[in-house]
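A short worksheet on the structure shown next.
Basis for what follows: all heavy atoms, side chains included, without hydrogens, waters or symmetry-related copies. Residue numbers count from 1 along this sequence. Just so it is clear, the model here is predicted, and its values are computed rather than measured.
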Amino acid sequence: MKKILVVFTGGTIGSKSANAVINVDETQGYTLLETFRRDTEMQVTFDTVQPLNILSENLVPRHWSAIYDTLSGMDLAAYSGIIITHGTDTLPYTTGVMSYLLAGLGLPVVFVASNRALDHPQSNGHQNFAGAVQFILGEGLPGVFAVFQNTAEELVVYLGTRLLEADKVTDQYRSYLGVDFGRMEHGKLVRNHHPMNPDMQGTARQAAFGIPQIRFDNKVISIQPYPGLDYSLYDLKKSRPAAILHGLYHSSTACIEPKENSIVELAHLCNQNGIDLYIHDSRNCVGSMYYTSRELLCAGVHTLTNLSYEAALAKLYVAYNQDQTTPTKYMSENLFFEYVED
């Protein structure tokens, strides 16, 4: 009989509602397993570990170390796959980080979450968990994925590096560029054979546990542009991050004047203080460009294109806290299909 390792980390799927307050409860993970055993006839056994028990909005990078250390310290040869339960708010960042760390494990690693606490009648947590089990017992594709039921009651399968933050109004997840990896239908994976989706040949681009230990001591700052963004409020000399990820407006632009609002001045400041500045350009602009874009590119920044902002931020955290290669080389490698070819 196949065996699956279930890693509980808290989140809504590990929470209970009491007195109109939702909070994590250590018993809910086991409730999830009990309900699965009661309602299905799938032949599978589970082992469980719980390195964390937090609401995912409280997640910080050291929690990624706790998950990774737990798995890297175990003998995983006996398992057909791993399911990691997680909260919804920060799910795309954790799936991204774990995609880079676990892509070469040779096992399917599937994240599941829940739109509501498991004791709520409209919770989709049980369906998501069952879908993850079916995914592992079926094709068992190695790599990192997420399974989450949408409002149309479709069990969508996402690549770990292409999951975007949930919409703040609809609470629905989306895939980068709108292309999902597939669906679970009648207990089987139905792949979306879109040109932007990988054929999954050579899924494991990275040696299993290629990074022996990772502590996320080096900091990364994320900045999104908005009118009036004042870079003088960032004291980069006092609290120097290892890298900064800066988003752009939709036309691949950012403000370059006046001085306190200029991303070009930020680039010069980063150069003076040994801080790598990355800009996330969702358009991968070629040919003619705005004057502001040209001035920015001439300022010596690193450009990240053809991947989501979430995947880029997660990858920077790993890149600047590993010692296997230089951070810039790490960022250039396509580790688990985070980069979508033009």
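Aromatic rings of Phe148 and Tyr173 (six-membered ring for Trp) have centroids within the 6.0 Å cut-off, being under it. Between Phe111 and Phe145, a ring centre-to-centre spacing not shorter than 6.0 Å is recorded.
The aromatic rings of Phe46 and Phe129 are tilted relative to each other, their planes meeting at an angle between 30° and 60°. Between His246 and Tyr231, the ring-plane angle classifies as tilted under the 30° and 60° cut-offs. Using cut-offs of 30° and 60° for the angle between ring planes, the Tyr317 and Phe216 rings count as perpendicular.
Using a 3.5 Å distance cut-off with no hydrogens or angles, the side chains of Glu165 and Tyr93 do pair a donor with an acceptor. Thr305 and Asp281 share no side-chain donor-acceptor pair at under 3.5 Å.
By the neighbour-count criterion of 12 heavy atoms within 6.0 Å, atom CD of Glu57 is densely surrounded, having more than that number from other residues, nucleotides or ligands. For Glu257, the CD atom counts as loosely surrounded, since its 6.0 Å shell holds 12 or fewer non-hydrogen atoms of other residues, nucleotides or ligands.
Here the shortest heavy-atom pairing between Thr170 and Asp167 reads N-OD1, 2.9 Å.
Grouping Ile, Leu, Val, Met, Phe, Trp and Tyr residues whose side-chain heavy atoms lie under 4.5 Å apart, directly or via other members, places Val24 in a hydrophobic cluster with Leu55.
Residues Val7 and Thr85 have side chains not in contact (no heavy-atom distance under 4.5 Å, counting atoms from C-beta outward).
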Apply side chain to side chain contact (heavy atoms under 4.5 Å, CB included) to the pair Trp64 and Thr94, showing each step before the final yes or no. CA-CA 7 Å; Trp64 294 326; Thr94 301; 3.0 Å; yes
Give the intermediate values and the outcome of salt bridge (charged side-chain N to carboxylate O under 4.0 Å, His left out) for residues Lys329 and Glu333. CA-CA 7 Å; Lys329 186 175 186 300; Glu333 295 176 354; 2.7 Å; yes
Is there a salt bridge (charged side-chain N to carboxylate O under 4.0 Å, His left out) between Arg215 and Asp69 once you walk through the steps? CA-CA 10 Å; Arg215 284 291 169 262; Asp69 288 350; 2.8 Å; yes
Please step through salt bridge (charged side-chain N to carboxylate O under 4.0 Å, His left out) for the pair Lys188 and Glu139, ending with a clear verdict. CA-CA 8 Å; Lys188 297 186 180 299; Glu139 293 193 39; over 6 Å; no
Side chain to side chain contact (heavy atoms under 4.5 Å, CB included), that's the test. Do Val6 and Leu33 meet it? Break it down for me. CA-CA 9 Å; Val6 182; Leu33 298 185; 4.2 Å; yes
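Applying the salt bridge (Lys or Arg N to Asp or Glu O under 4.0 Å) rule to Arg183 yields the partners Glu154, Asp180; only residues at least two apart in sequence or on another chain are considered.
Gln322 places a side-chain N or O within donor-acceptor distance of the main-chain N or O of Gln324, the cut-off being under 3.5 Å. For the pair Tyr100 (side chain) and Ala311 (backbone), a donor-acceptor distance under 3.5 Å is present.
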